[in-house]
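To keep things clear, I will list the structure first and then write my remarks on it.
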Amino acid sequence: MTDTSDEIVFGREGGLATVLLNRPKALNALTHEMCVALDGELHGWADDDSVKAVLVRGAGEKAFCAGGDIVKLYEEGRAGGQYPYDFYHDEYRTNALIHYYPKPYISLLDGIVMGGGCGVSIPGSHRIATEKVMFAMPETGIGLFPDVGGSFFLSRCPCHVGEYLALTGARLKAADCVYAGVADVHVPSGKLDALSAKLAETDVRDFDHATAVIGAFSEDPGASALAESRDEIDRFFSLGSVEEIVSALQADGGEWAAKQAKTILSKSPTSSKIALRQVREGASRDFYHCMQMEWRMVNRIIAGHDFYEGTRATVIDKDQTPKWQPGTLEEVDQAAVDAYFAPLDKGDLSFD
């Protein structure tokens with residue numbers, strides 16, 4: 001195997017190019033260097049006829065990838081450094097490369113999949129969830145938004161499931177992931193090595209052929225709790241604004257609705273409002289234009305307050321008492337939301 005760093009390991013198994021996210025003690029959280037290395041290898045493999053497909057997995061027993069390196073983003077961003085801009089710029093370019101990749105890009109979602117981990121898996125062509133998967137996009141809880149293509153794939157969940165996931169950060173198991181469309185099939189963890197071996201010995205450059213090979217290892221994931229909540233999700237999360245959603249949830253009187261309202265109100269009011277708009281606008285955009293929108297949004301996040309306060313409260317000090325600015329949904333006016341989506345003076349994200 002060719003090891004470009006200890007944190008991300010690239011290899012070959014027959015016609016299969018392999019990627020191992022190799023920071024198990026950090027739940028395989030992505031660094032900028034990992035993003036750049038992955039982007040470079042993917043470009044090379046795209047032009048290599050001997051590579052039929054790409055397989056990505058995480059090291060260790062707990063996670064595929066639990067997100068980006070939030071601590072470094074926090075430290076560098078607070079200090080006014082360039083690192084957060086460079087990280088998101090290169091991460092988003094890699095997300096787009098994965099989405100439009102000319103060969104099957106296969107992710108083994110065997111453990112925690114959150115934030116940046118979603119970005120190096122969900123945009124790809126084949127997403128495999130095991131019984132160990134725990135998918136979530138809880139970014140509004142740290143003053144961010146469900147990025148890395150969330151505006152694209154959350155907006156394509158059934159009906160209003162995407163808005164629900166964006167605003168609550170709800171955690172999904174295998175059956176829920178398949179139902180929501182963020183995974184294609186369920187394959188038990190114990191079958192992954194055999195599946196990998198089969199993919200390595202088979203010419204799966206054709207997307208349908210890759211689907212058939214994976215399908216032979218798949219099993220019924222069982223009933224989806226998310227599907228069982230669909231009526232309630234659609235009733236509340238179809239409403240026109242975050243304030244309306246929260247008010248309707250609070251007025252309902254049921255346990256499920258009260259829990260969702262409390263969850264949303266614990267998160268950044270600004271992030272909640274931009275996340276709802278982001279998902280709804282993403283429904284009419286292709287992946288490139290979703291990433292352009294997210295690039296505009298994240299530039300304003302980096303220059304703002306809530307990301308640093310949310311990360312402090314959740315990850316650094318862990319006191320779980322963020323002081324959001326503004327502190328309520330009502331205080332976040334339309335002009336403030338619009339500003340996150342406005343063109344940047346420095347121009348949009350380039351995919352060249």
Side-chain angles (χ1 to χ4, degrees), residues 27 58 61-67 107-115 117-118 121-122 126-141 145-146 148-192 214-215 217-239 242 245-246 248-267 272 275-276 279-280 282-283:
L27 301 179
E61 298 295 321
K62 295 182 178 180
F64 171 78
C65 173
S107 302
L108 305 183
L109 309 180
D110 189 35
I112 299 168
V113 187
M114 298 169 66
C118 300
S121 57
I122 311 305
H126 296 78
R127 297 80 50 88
I128 299 167
T130 76
E131 72 281 0
K132 297 179 183 178
V133 74
M134 191 284 287
F135 168 96
M137 297 204 77
E139 287 83 359
T140 57
F145 60 91
V148 297
S151 51
F152 183 87
F153 57 78
L154 290 180
S155 66
R156 285 153 178 80
C157 292
C159 288
H160 298 283
V161 167
E163 289 105 315
Y164 164 71
L165 297 177
L167 291 178
T168 66
R171 298 182 174 190
L172 306 186
K173 297 182 179 180
D176 301 321
C177 288
V178 174
Y179 177 77
V182 296
D184 300 296
V185 295
H186 164 58
V187 174
S189 185
K191 289 185 174 183
L192 293 183
I214 294 166
F217 289 82
S218 68
E219 296 184 7
D220 185 345
S224 164
L226 188 65
E228 294 172 1
S229 300
R230 257 292 300 284
D231 288 346
E232 289 181 300
I233 289 171
D234 289 348
R235 178 156 57 95
F236 295 112
F237 289 85
S238 62
L239 297 174
V242 183
I245 292 169
V246 170
L249 288 165
Q250 291 174 325
D252 178 75
E255 181 179 350
W256 183 90
K259 179 181 178 181
Q260 309 315 312
K262 183 178 180 181
T263 296
I264 294 169
L265 289 174
S266 72
K267 301 179 185 296
S272 293
L276 183 63
V279 172
R280 290 179 173 173

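The chain is numbered in sequence order, starting from 1. All figures in this text were calculated on a predicted structure; none of them were measured in a lab.
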Checklist line | Stepwise side-chain contact (heavy atoms from CB on, under 4.5 Å) check, M114 with M134 | finding: CA-CA 8 Å; M114 298 169 66; M134 191 284 287; 3.8 Å; yes

Margin query: The test is side-chain contact (heavy atoms from CB on, under 4.5 Å); show your working for T168 and F237 and say whether it passes.
Written below: CA-CA 11 Å; T168 66; F237 289 85; 4.0 Å; yes

Margin query: Checking L172 against V113 for the side-chain contact (heavy atoms from CB on, under 4.5 Å) test, could you report, in this order, the C-alpha distance in whole Å, the side-chain angles of both residues, the deciding distance, and whether it holds?
Written below: CA-CA 10 Å; L172 306 186; V113 187; over 6 Å; no

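A search for side-chain hydrogen bond (donor to acceptor under 3.5 Å, both in side chains) contacts involving E255 returns nothing, not counting sequence neighbours. Residues satisfying the side-chain hydrogen bond (donor to acceptor under 3.5 Å, both in side chains) test with S189, not counting sequence neighbours, are D110.
Applying the salt bridge (charged side-chain N to carboxylate O under 4.0 Å, His left out) test to residues at least two apart or on different chains, the pairs with a partner in residues 173-185 are R127-D184.
Across all their heavy atoms, I214 and V187 have their closest contact at O-CG2, 4.4 Å. Taking both residues in full, the closest heavy atoms of P158 and A180 are given as CD-O, 3.6 Å, listed atom of the first, atom of the second, then distance. Nearest approach of C159 to R230, heavy atoms of both residues: SG-NH2, 3.2 Å. Contact between A223 and E228 at its shortest, heavy atoms only, is CB-OE2, 4.0 Å. When all heavy atoms of A227 and S224 are compared, the closest pair comes out as N-OG, 3.0 Å.
Heavy-atom contacts from other residues, nucleotides or ligands closer than 6.0 Å to NZ of K62 number 12 or fewer. Other residues, nucleotides and ligands contribute over 12 non-hydrogen atoms within 6.0 Å of the CZ atom of R156.
The shortest distance between side-chain heavy atoms of I122 and L109 falls below 4.5 Å. Looking at C157 and L165, their side chains come closer than 4.5 Å, going by heavy atoms from C-beta outward. Under the 4.5 Å side-chain criterion, counting only non-hydrogen atoms from C-beta, E219 is in contact with K191. Looking at heavy atoms from C-beta onward, F236 lies in side-chain contact with D252 at the 4.5 angstrom threshold. Residues L167 and T140 are not in side-chain contact: their nearest non-hydrogen atoms beyond the backbone lie 4.5 Å or more apart. Contact of the I233 side chain with the W256 side chain is registered, since non-hydrogen atoms from C-beta on lie closer than 4.5 Å. The side-chain heavy atoms of C118 and F153, taken from C-beta on, include a pair separated by under 4.5 Å. Side chains of M137 and V148 form a contact here, defined as non-hydrogen atoms less than 4.5 Å apart.
Rounding to the nearest 0.5 Å gives a distance of 7.5 Å between CD1 of I245 and OG of S238. To the nearest 0.5 Å, atom CG of residue L108 and atom CG of residue L192 are 5.0 Å apart. Between R235 atom CZ and S229 atom OG the span is 11.5 Å, to the nearest 0.5 Å. Taken from CG in L154 to CD in E163, the straight-line distance is 9.0 Å, to the nearest 0.5 Å. Taking CD1 from I264 and OH from Y164, the interatomic distance works out to 9.5 Å, rounded to the nearest 0.5 Å. Here the straight-line distance linking atom OG of S272 with atom NZ of K267 works out to 7.5 Å at 0.5 Å rounding.
Side-chain atoms of H186 never come within 3.5 Å of backbone atoms of D220 as a donor-acceptor pair (strictly under, hydrogens ignored). T130 contributes a side-chain N or O that, together with a main-chain N or O of K132, makes up a donor-acceptor pair within less than 3.5 Å.
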